[in-house]
Amino acid sequence: MTNTSIYVVDELVARPGQARALLSAYMERYAPGARSRGMVLERVLVSPPMWLEDQSNTLTISWTLPSVPAWWQMSMQARPDPAVAAWWSEVDEMVVSRKRQFMSAFADVEVLSYV
């Protein structure tokens, strides 16, 4: 199997007025561990493209992993790590909702279907 990128996309809906602090906490406290697990930050998007004080901003943070084995390695390192669970628990008060999705490029779906 050829290497295919796996995308890990976090979508965080911040409580009104909390988006800037949430993103700062994510980049300072979560991102270093993600990098150590092999994740490469692809992009950070803020919607709408201004900091809102009385409404929610949505933060979309995309990471990549170079292959399916790299995804499994990252996953097996993060799941039992109490620091990861503690971090998500700490920021719950700043978040209305959050979800994580795993994706691939359209061209890679056929290859990934037979892993």
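All values below were derived from every heavy atom in this structure, side-chain atoms included, with hydrogens, water molecules and symmetry-related copies excluded.
Trp63 and Tyr26 have tilted rings, their planes meeting at an angle from 30° to 60° on a 0 to 90° scale. Ring-plane geometry between Tyr30 and Trp88 is classed as tilted, the angle between the planes lying from 30 to 60 degrees on a 0 to 90 degree scale.
What you find for Val109 and Ser104 is that their closest heavy atoms are CG2-OG, 3.6 Å. Counting all heavy atoms, side chain and backbone alike, Ser56 lies closest to Val13 at CB-CG1, 3.8 Å. Closest approach of Arg15 and Glu93 over heavy atoms only: NE-O, 2.9 Å. Heavy atoms only, all atoms of each residue included: Leu22 and Ala14 are closest at CD2-CB, 3.9 Å. Closest heavy-atom contact between Ser67 and Ile6: O-CG1, 3.9 Å. When all heavy atoms of Ser75 and Pro80 are compared, the pair lying nearest together is O-CD, 4.5 Å.
For Arg98 (side chain) and Asp10 (main-chain N/O), no donor-acceptor pair under 3.5 Å exists by modelled atom type. A donor-acceptor pair is defined here as one N or O able to donate and one able to accept, closer than 3.5 Å; such a pair exists between the side chain of Asn57 and the backbone of Pro48. Between the side chain of Thr64 and the backbone N or O of Tyr7, no donor-acceptor pair lies under 3.5 Å. A donor-acceptor pair is defined here as one N or O able to donate and one able to accept, closer than 3.5 Å; such a pair exists between the side chain of Ser36 and the backbone of Gly33.
The line from CD of Gln18 to OG of Ser24 is 11.5 Å long, rounded to the nearest 0.5 Å. The distance from the CH2 atom of Trp71 to the CE atom of Met76 is 9.0 Å, given to the nearest 0.5 Å.
In summary, of the residues considered (Thr60, Ile61, Thr58, Val96), a side-chain contact (heavy atoms from CB on, under 4.5 Å) with Leu12 occurs for Ile61 alone.
Sorted by first and then second residue, the salt bridge (charged side-chain N to carboxylate O under 4.0 Å, His left out) pairs involving residues 74-91 (not counting sequence neighbours) are Arg29-Glu90. Every pair tested for salt bridge (charged side-chain N to carboxylate O under 4.0 Å, His left out) that includes a residue from residues 40-56 fails, sequence neighbours excluded, so the list is empty.
Val9 and Leu45 fall into different hydrophobic clusters, where Ile, Leu, Val, Met, Phe, Trp and Tyr residues are linked whenever their side-chain heavy atoms come under 4.5 Å apart, directly or through other members. In terms of hydrophobic clustering, with Ile, Leu, Val, Met, Phe, Trp and Tyr side chains grouped at heavy-atom distances under 4.5 Å, Met27 and Val95 are assigned to a common cluster. Neither Met103 nor Leu112 shares a network with the other; the hydrophobic side chains, linked directly or stepwise wherever heavy atoms of I, L, V, M, F, W or Y lie under 4.5 Å apart, form separate groups for each.
Taking Ile, Leu, Val, Met, Phe, Trp and Tyr as members and joining any whose side-chain heavy atoms lie under 4.5 Å apart, directly or through other members, the hydrophobic cluster of Met50 also contains Leu52.
Residues Val44 and Leu59 are not in side-chain contact: their nearest non-hydrogen atoms beyond the backbone lie 4.5 Å or more apart.
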